[in-house]
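Sequence positions, counted from 1, serve as the residue numbers for this chain.
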Amino acid sequence: MSRSLQTLRVDVYFDFICPWCLIGKRQLDEALARLRVERPELRVELRWHGVQLLPYLPLQGEDFHGFYLRRLGSEPAVRLRQAQVQQAAATVGVGLDFDKIPRMPNTADVHRLWQRACQLGTPQQQETLLESLFASHFLQGRDLGDGNLLLDLAEQAGFALEALVSCLHGDGSPFSGIAEGPASQGVPSFVMGGGMTLSGAQPVEKLLASLRLAVAAEECRAQEKARLEVPVGRVPASGQRVLIEGEGKSLVLFNIDGEFHAIDDSCPHQGASLCGGKLEGETIQCRAHGLRFNLRTGFLQGSTQLRVGRYPVEREGDRLFIVLTPEESLSCTP
């Protein structure tokens, strides 16, 4: 039994003032576009989590060039760092002119606005707002610490202002967002599915390869978790069997000297029920045509071709589960 993943969750940790986060977004957009071509049935649930990198900045922010000069120590170091970023940005179609950015803003309120927008808005509204906020800082040199600007951009993205005004503090107090886990490794950080994490802007091919691996891992995990619990009152005594139905399946659960075996109720020959068959040791005989199947292997006696579906049985304390993936389909190596 193969289960195709329907939804893949991708979490991204970022700050609006980090150019690598904008670059990383462009790379992720392209990787997701390619993934959708490969897996058109797959829905990607994309969540962007704000991380305030510079909570100590004053409310009005700081001079942009002066900030980097103090941070990097010299004009040549600033020019070198900015040239590296510009070169990377150009590869994803973003033209950055750092001379047009006058302020390094305090981003506490823009993160609070974004957090509220993610709670209220549709994916399209969130995407529109996210793009406009990035563009305002990096391409237009506008101040993301300006509450009026933030509300204007949110309104243009389709948000109702009355639902957002209260989230703006206007005092520069730090944004208490997620600061542990993936975010502690720096931004951008990408968490795909159940925990596959990449830190830093990544080439499109690497992101795409990681997305494929995350999908495969989630599909394997879904198979591993597909279990049917056997009600306590239905657990068969030694030498007995019971019919267990659920999740669209009819299975027969056998207790052979305290060892449990589960098989499809339907005989693979012509579909007759095996539950009422004759049990001899570890062999069940179909009453319709007399075919005998080994409960330990599922194979027809004397054959390596005809086989009834056999399912692993797991114990957890006093609880008993039938794993709904047939044993021959359990190998998952993404």
Original post:
Can you tell me how far CZ of Arg287 sits from SG of Cys275, rounded to the nearest 0.5 angstrom?
Top reply: 10.5 Å

Original post:
Does Arg319 have any salt bridge (Lys or Arg N to Asp or Glu O under 4.0 Å) partners at least two apart in sequence or in another chain, and if so, which?
Top reply: Glu229

Subject >> More than 12 heavy atoms of other groups within 6.0 Å of Arg71 CZ >> reply: no

Subject >> Partner set under side-chain contact (heavy atoms from CB on, under 4.5 Å) for Ala160, not counting sequence neighbours >> reply: Glu162

Original post:
Among all residues two or more places apart in sequence or in another chain, which pass the side-chain contact (heavy atoms from CB on, under 4.5 Å) test with Asp318?
Top reply: none

Original post:
Residues in salt bridge (Lys or Arg N to Asp or Glu O under 4.0 Å) with Asp29, at least two apart?
Top reply: Lys25

Subject >> Ring-face cation contact, Phe175 with Arg112, 6.0 Å cut, 45° max >> reply: no

Subject >> For Val308 against Leu274, the heavy-atom pair lying closest together >> reply: CG2-CD1, 3.8 Å

Original post:
How long is the gap from CG on Leu168 to CG on Asp109, to the nearest 0.5 Å?
Top reply: 5.0 Å

**OP:** Kindly say whether Leu291 contributes a backbone atom to a donor-acceptor pair with the side chain of Gln285 at under 3.5 angstrom?
**Re:** no

Original post:
If we only count heavy atoms from C-beta on, is the Leu42 to Gln6 side-chain gap below 4.5 Å?
Top reply: no

Original post:
Between atom CG of Leu53 and atom OG1 of Thr107, what is the distance when rounded to the nearest 0.5 Å?
Top reply: 7.0 Å

**OP:** May I ask you to test the Leu133-Leu150 pair for a side-chain heavy-atom distance under 4.5 Å?
**Re:** yes

Subject >> Non-hydrogen side-chain atoms of Leu32 and Leu46 separated by less than 4.5 Å >> reply: yes

Original post:
Does Arg241 have any side chain to side chain donor-acceptor pair (under 3.5 Å) partners at least two apart in sequence or in another chain, and if so, which?
Top reply: none

Subject >> Minimal non-hydrogen separation, Leu69 against Ser74, with atom names >> reply: CD1-C, 3.5 Å

Original post:
Heavy-atom distance under 4.5 Å between the side chains of Val191 and Met196, does that happen here?
Top reply: no

Subject >> For Glu282, all residues meeting salt bridge (Lys or Arg N to Asp or Glu O under 4.0 Å), sequence neighbours excluded >> reply: Arg296

Original post:
Minimum heavy-atom separation for Leu129 to Ala117, with atom names?
Top reply: CD2-CB, 3.7 Å

Original post:
Do the non-hydrogen side-chain atoms of Ser250 and Asp264 ever get within less than 4.5 Å of each other?
Top reply: no

Subject >> pair Glu314-Val323: side-chain heavy atoms closer than 4.5 Å >> reply: yes

**OP:** Determine the interplanar angle of the Phe14 and Trp48 rings, folded into 0 to 90°, and report it as parallel if under 30°, tilted if 30 to 60°, perpendicular if over 60°.
**Re:** perpendicular

**OP:** Kindly state each residue pair satisfying ring pair (Phe, Tyr, Trp, His ring centres under 6.0 Å) with at least one member in residues 265-303, sequence neighbours excluded.
**Re:** His269-His289

Subject >> Asn255 (side chain) donor-acceptor with Gln240 (main chain) under 3.5 angstrom >> reply: no

Original post:
Between CG of Leu151 and CD of Glu155, what distance do you get to the nearest 0.5 Å?
Top reply: 8.5 Å

Original post:
Do Val215 and Glu218 come within less than 4.5 Å of each other through their side chains, counting heavy atoms only?
Top reply: no

Subject >> With Trp20 via ring-ring contact (aromatic ring centres under 6.0 Å, His included) - residues at least two apart >> reply: none

Original post:
Near Asp257 CG, under 6.0 Å, is it more than 12 heavy atoms from other residues, nucleotides or ligands?
Top reply: no

Subject >> Separation between CD of Gln27 and CG of Leu208, rounded to the nearest 0.5 Å >> reply: 12.5 Å

Original post:
Do the side chains of Ile263 and Tyr311 get nearer than 4.5 Å, heavy atoms only?
Top reply: no

Subject >> Test salt bridge (Lys or Arg N to Asp or Glu O under 4.0 Å) applied to Arg47 - qualifying residues, sequence neighbours left out >> reply: Glu45

Subject >> Those residues that, when tested against Ala33, pass side-chain contact (heavy atoms from CB on, under 4.5 Å) (two or more places apart) >> reply: none

Subject >> Charged N-O contact under 4.0 Å between Glu30 and Arg34 >> reply: yes

**OP:** Please report the shortest heavy-atom distance between Asp63 and Gly66, naming the atom on each side.
**Re:** OD2-N, 2.6 Å

Subject >> Aromatic plane relationship, Tyr13 with His49 - under 30° parallel, 30 to 60° tilted, over 60° perpendicular >> reply: parallel

Name every donor-acceptor pair, under 3.5 Å, that has one atom in a side chain of residues 78-99 and the other anywhere in the protein, sequence neighbours excluded.
unit_1: Gln86; atom_1: NE2; unit_2: Leu96; atom_2: O; d: 2.9
unit_1: Thr91; atom_1: OG1; unit_2: Ala88; atom_2: O; d: 2.5
unit_1: Asp97; atom_1: OD1; unit_2: Asp99; atom_2: N; d: 3.1

Original post:
Taking only residues two or more places apart in sequence, or in another chain, which ones meet Pro123 in a side-chain contact (heavy atoms from CB on, under 4.5 Å)?
Top reply: none

**OP:** Output, in order, the C-alpha distance, side-chain angles, deciding distance and verdict of salt bridge (charged side-chain N to carboxylate O under 4.0 Å, His left out) for Glu41 and Arg39.
**Re:** CA-CA 5 Å; Glu41 81 288 356; Arg39 297 287 299 268; 2.5 Å; yes

Original post:
Could you state the interatomic distance from CZ (Arg43) to CG (Leu8), rounded to the nearest 0.5 Å?
Top reply: 10.5 Å

